[in-house]
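The next block holds one structure in the form of structure tokens; read it before the comments.
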Protein chains: 2
Amino acid sequence: MTAQRRVVAEVLDGEHVHLTADEVHSRAVAKLPEISRATVYNTLGELVSLGEVLEVATDKRAKRYDPNAHRPHHHLVCARCGAIKDVHPTGNPLADLPDSERFGFTVSDVEVTYRGVCPNCAA
Amino acid sequence: MTAQRRVVAEVLDGEHVHLTADEVHSRAVAKLPEISRATVYNTLGELVSLGEVLEVATDKRAKRYDPNAHRPHHHLVCARCGAIKDVHPTGNPLADLPDSERFGFTVSDVEVTYRGVCPNCAA
DNA sequence: CGGCCACCTTGGACGAAGTCTAAAGTCACA
DNA sequence: TGTGACTTTAGACTTCGTCCAAGGTGGCCG
């Protein structure tokens, strides 16, 4: 646990939003000016493998990092402005995939992304 | 409808798999050597806005294009090799998102991505 | 204390994917 | 044939991410 890693963890923990790697880097730089992009990417990668943080790929642009990894949830994305909300649908999509539709895969995980238009963009 | 657009449409229609823009370009070049990358991107973009083709962003790498846009379906992705299968789960995830979880959004669409390991990679 | 080794960080180069732009080509139609 | 609208092209450019070699840092053991 180095100063750099602590800073990255703090940035993610501080704001419960979905930051891009670049945004994490900017905020990390504010706390520790010499931190490099490579270190931020490395640290984010480690946090992801440790299961502390989730990668979210809601749009084709940059990956986003979701510090809320311990509470299972899905995402609601604004098609217009890209805003992301965590949501908790009822039901279990894993149970909705019959064996005949699994093609022999060992299915371990499911991601649900709702798309729509947020109140701001609708106005 | 120009020769270039016809070729792109043929490539997508010919193979019911999920191609990246680059793969579409390579196959299009085989049929029409002078077609440019920009044209392929333009045409894919138009097909997407027309609703003829779906963009799929299952991994962080290249977008993939799914010609099977008229039959609603979701995707099963191999975490190891990236293979993608179309699947048809039972149930309607849109109905599983209560109003209280919609944050005022007008929700129009939902994408479900199952992740697992395919039989090939498991062996 | 001093040396050694493992690991971390840095900065810049590199690569992949996609977008943009200016110029040239093509087509319908009067 | 001339005109204007639209398309295509090639390549430059941007963005996002990864890689790598060099240097730094700290722990540990003698």
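Order of the sequence lines fixes the chain letters, A, B, ..., with proteins taken first and strands second; residue numbering starts at 1 for each chain.
The shortest distance between side-chain heavy atoms of Val112(A) and Val110(B) falls below 4.5 Å. Proximity of Asp99(A) to Arg102(A): side-chain heavy atoms (C-beta onward) are separated by under 4.5 Å at one or more points. Using a 4.5 Å heavy-atom cutoff, the side chains of Phe103(B) and Pro119(A) are not in contact.
Atom CD in Glu55(B) sits roughly 15 Å away from atom P in dA17(C) (whole-Å rounding). If you take CG of Leu19(B) and C1' of dA17(C), they are 16 Å apart, rounded to a whole angstrom. Atom CG in Leu32(B) sits about 16 Å away from atom P in dT7(D), given to the nearest Å. As rounded to whole Å, 18 Å separates atom P of dT15(D) from atom NZ of Lys63(A). Taking atom CZ of Arg6(A) as the reference point, atom P of dT9(C) lies 11 Å away to the nearest angstrom. Between the CD atom of Glu34(B) and the P atom of dA24(C) there is a distance of 18 Å, rounded to whole Å.
Checking side-chain atoms of Thr113(B) against main-chain N and O of His75(B) turns up no donor-acceptor pair under 3.5 Å. Judged purely by atom type and a 3.5 angstrom limit, Glu23(A) uses its side chain to pair as donor or acceptor with the backbone of Thr20(A). For the pair Glu101(A) (side chain) and His88(B) (backbone), a donor-acceptor distance under 3.5 Å is present. No side-chain donor-acceptor contact under 3.5 Å links Tyr65(A) to the backbone of Val48(A).
Residue-to-nucleotide contacts include a donor-acceptor pair under 3.5 Å from the side chain of Arg37(B) to the base of dG18(C).
Position along DNA chain D of the nearest nucleotide to Gln4(B) versus Arg64(A) favours Gln4(B) as the more 5'-ward residue.
Side-chain atoms of Asp86(B) and His18(B) include a donor-acceptor pair closer than 3.5 Å.
Regarding contacts with the backbone of dT9(C), a side-chain N or O of Thr2(A) is found under 4.0 angstrom from either OP1 or OP2.
Listed nucleotides dG18(C), dC8(C), dT18(D) differ in distance to Ala21(B); the shortest reach to its side chain belongs to dG18(C). The side chain of Arg61(B) sits closest to dA16(C) out of dA16(C), dT9(C), dG18(C). In this structure, the nucleotide among dC8(C), dT9(D), dA17(C) sitting nearest to the side chain of Ile35(B) is dT9(D).
A heavy atom closer than 4.0 Å to some atom of DNA chain C occurs in Ala38(A), Thr39(A), these being the qualifying members of residues 38-52 of chain A.
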Between N or O atoms, less than 3.5 Å apart, protein on one side and nucleotides 23-28 of chain D on the other: list the pairs.
none

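With sequence neighbours excluded, the residues forming a salt bridge (Lys or Arg N to Asp or Glu O under 4.0 Å) with Glu46(B) are Arg5(B), listed by chain and number.
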